[in-house]
Structures are given as C-alpha cells and as structure tokens.
Amino acid sequence: MHSQAKKQTGMKGLYLYAIVAGCQERSLGALGINGTRIYTIANGEIAAVVSDFPNRQIRPERRHFAAHHGVLKKIMEDNDVLPMAFGIISGGPNAVRRILSENREVIESQLNRVSRKVEMGLKVVWDVPNIFEYMVNTHPELMEARDRLKNPLLRHSQDEMIEIGRLFEELLMCDRNRHFVQVEQSLGDRCFEIKRNTCRKEHEVMNLACLVGRHAVAEFEAGVLEAAGLFDDSFAFDYNGPWAPHNFVEIELDI
C-alpha cells in the first residue's frame, strides 16, 4: 500500500499498521513498536490497526521494522489485511476515521481482492559460479561472439565489446521470460495472481509474489516442487511466506 505522509514534528500521532474488515473496535495486545498497545479504530465496516506514537516521525531501525512486520503477521492470522508501508503516522482517531471514510470504496474493493488470501514469495536464481560463462556455454551465438574477441589476430572495437554485453543482456531476458512461462504453468492453477518483480541481480531468474488462498499454502508449495523438477541443478528455488499481501494492495492514501 502506498501512502503519502505529511511530516510534522512535536505532535503525537497514531502509527498505522494495516486496514482490516470489521466495525468492532478492540485491543490486540502490546505487540506494537516499542511495546505499545495495538488496537483498532473503526469507521463503518472497516477499521485501521494502530498504536499510539509519541511524535510524527520514526527512525528506520531494524527493531522497528521487525515490530511492524510482527504486528502484520499476528493480525493476518484472523483477518484479511491491507498492509500499510512502514513509517506511516497519522493524526488522532478522528484523522484515522476521516482516512477510512474518504477512501472507503477503494479500501473495500481491495479487501475483496485479498479476501481469504495471503502472499507467498518465490525466488529462482542461476546457482552457477559465473553467470556470463554459463550463458556462453548455453548459447552458441554468445560463445561465437565471445570467441571472436579472444582471437589475438583480430583487432576489436569498443562497439564490438558493447555488442557482446547487449547480446548477453538480451539472452538473459529471453531466458528469464522462457523460464517464467515454465514456472507459471506449474503455479498458475494454485495462485489467484502472480506478480513478477524486477530482478535486481544478474543471477536472478525471477522474483515472484503470488497471491494464494489462505488454506492453499501446501498446494502452492507442491507447485513449487513440481516447477523445480523441470529445471536442472543450475537453478535454485527458494519460497517464503505466508506474508500480508503487500504486492497486491494498490491504494494511495493522503495521510
């Protein structure tokens, strides 16, 4: 969930963890950042999960991140959750109720989207010592281009070296797309939605967020094992979760 927070100092606020369905305001225990009490503030049939916070800013420390995600993990046990990004702090209860009221339609739509679902992550990597050499050995056209550069009898321009780099990146992307199709065939029937996140390192094949039924996690895991069986030992599969569905919540709030 994307939110825009107004930065103010010297003011008490409410730290927002998530939005859930339900009209009953309740206490959820001292699970929050700095051991604060977690409770809900409702407006109609939706409620924000919050804790009191002494000011309107928070330091991005590991313990704070851990507490934030710990709260999400706890509340998603019994609720459909629209998770808030870390560090969103609003004004008092009236401000929170205003946020819920002004965004009611989109919040309810998003809650329906993630109803009885959780997010699972799947990362696949090329588990090889040198990704360039691996690609050379699996793509004859790249091997041929590389070997031309190694020929001491030929003079090579900077453009030729750039072209090899371009070819490498092009083949890398083509392989990622092809492998994604293979994995999607195994996971498609086990997921409501699959989102491809950007690969940030060359050895990453895919980084997927999968929206899975709350009670179908074991089915998803079986699908991952099935997909992994289609690949050789040059690939490593790693799945994780369940998590709150961060990648499938698309709301931008003006706090």
Side-chain angles (χ1 to χ4, degrees), residues 1-2 65 68-69 72-73 76 80-86 110 113-143 145-146 162-252:
M1 174 178 291
H2 304 287
F65 282 112
H68 177 97
H69 289 290
L72 292 178
K73 184 176 181 179
M76 67 181 283
D80 295 327
V81 175
L82 299 185
M84 299 289 284
F86 173 83
Q110 292 291 295
R113 180 184 184 184
V114 302
S115 178
R116 297 182 295 279
K117 302 178 185 75
V118 296
E119 181 175 317
M120 297 292 293
L122 172 62
K123 181 174 286 189
V124 182
V125 300
W126 279 289
D127 190 18
V128 295
N130 185 307
I131 184 61
F132 181 78
E133 288 301 320
Y134 171 82
M135 296 295 287
V136 164
N137 291 327
T138 54
H139 293 83
E141 64 270 48
L142 185 59
M143 178 178 288
R146 191 278 310 268
I162 292 173
E163 179 62 19
I164 286 183
R166 184 202 61 77
L167 178 59
F168 168 71
E169 293 293 338
E170 181 180 289
L171 293 171
L172 204 65
M173 184 58 67
C174 287
D175 279 8
R176 284 171 175 157
N177 291 334
R178 177 166 56 86
H179 295 323
F180 170 72
V181 171
Q182 292 177 282
V183 170
E184 187 181 36
Q185 289 174 348
S186 295
L187 294 183
D189 291 340
R190 296 172 167 94
C191 303
F192 289 93
E193 298 180 46
I194 298 177
K195 179 179 179 181
R196 292 178 71 180
N197 292 316
T198 301
C199 293
R200 302 193 181 280
K201 297 180 179 179
E202 286 183 342
H203 72 279
E204 291 182 7
V205 183
M206 66 193 78
N207 181 10
L208 307 181
C210 304
L211 193 62
V212 177
R214 183 182 293 273
H215 301 296
V217 172
E219 275 187 59
F220 170 82
E221 293 171 346
V224 171
L225 293 177
E226 178 183 300
L230 302 174
F231 293 76
D232 62 28
D233 291 342
S234 300
F235 299 82
F237 282 63
D238 180 28
Y239 66 86
N240 55 77
W243 311 108
H246 290 275
N247 282 284
F248 301 96
V249 174
E250 299 170 359
I251 301 178
E252 188 166 313

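Treat the numbers as computed from the prediction; the structure is a model and nothing was measured. Position 1 is the first residue of the sequence, and the numbers go up from there.
Here the side chains of Asn207 and Arg196 are not in contact, with every heavy-atom distance at 4.5 Å or above. Proximity of Tyr239 to Val217: side-chain heavy atoms (C-beta onward) are nowhere separated by under 4.5 Å. Val183 is not listed as a side-chain neighbour of Ile194, based on a closest heavy-atom distance of 4.5 Å or more. Looking at Trp126 and Arg176, their side chains come closer than 4.5 Å, going by heavy atoms from C-beta outward. Annotation: side chain of Leu230 is not in contact with side chain of Gln185 (no heavy-atom distance under 4.5 Å). Contact of the Arg146 side chain with the Glu133 side chain is registered, since non-hydrogen atoms from C-beta on lie closer than 4.5 Å. Leu211 is listed as a side-chain neighbour of Pro245, based on a closest heavy-atom distance under 4.5 Å.
One distance of note links OH of Tyr134 with NE2 of His203; it measures 13.5 Å at 0.5 Å rounding. Glu204 contributes atom CD, which lies 9.5 Å from atom OG1 of Thr198 (distance to the nearest 0.5 angstrom). Here Asn130 contributes atom CG and Asn137 contributes atom CG; the two are 9.5 Å apart, rounded to the nearest 0.5 Å. Taking CD of Glu219 as the reference point, atom CG of Leu187 lies at 11.5 Å (rounded to 0.5 Å).
Using cut-offs of 30° and 60° for the angle between ring planes, the His179 and Phe231 rings count as perpendicular.
Relative to the ring axis of Phe192, Lys117 places its NZ or CZ within 45° and under 6.0 Å from the centre.
Arg178 CZ: more than 12 foreign heavy atoms inside a 6.0 Å radius.
At least one donor-acceptor pair under 3.5 Å links the side chain of His68 to the backbone N or O of Met84. Looking only at distances, a side-chain donor or acceptor of Glu119 sits under 3.5 Å from a matching main-chain atom of His246.
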Could you go through Met120 and Val224, starting from their C-alpha distance and side-chain angles, then the distance that decides it, and tell me whether this counts as side-chain contact (heavy atoms from CB on, under 4.5 Å)?
CA-CA 11 Å; Met120 297 292 293; Val224 171; over 6 Å; no
Please tabulate, for the side chains in residues 167-174, all donor-acceptor contacts under 3.5 angstrom to protein atoms that are two or more places apart in sequence or on a different chain.
| from | atom 1 | to | atom 2 | distance (Å) |
| --- | --- | --- | --- | --- |
| Glu170 | OE1 | Arg166 | NH1 | 2.7 |

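Here the closest non-hydrogen pair linking Val249 and Val114 is CG2-CG1, 4.4 Å. The minimum heavy-atom distance between Phe220 and Cys191, with the atom names listed, is CD1-SG, 3.9 Å. Gly213 and Val118 make their closest contact through O-CG2, 4.4 Å (heavy atoms, listed as atom of the first residue, atom of the second, distance).
Every salt bridge (Lys or Arg N to Asp or Glu O under 4.0 Å) that Arg190 has, sequence neighbours left out, goes to Glu226. Annotation: side chain to side chain contact (heavy atoms under 4.5 Å, CB included) contacts of Asn240 (sequence neighbours excluded): Trp243.
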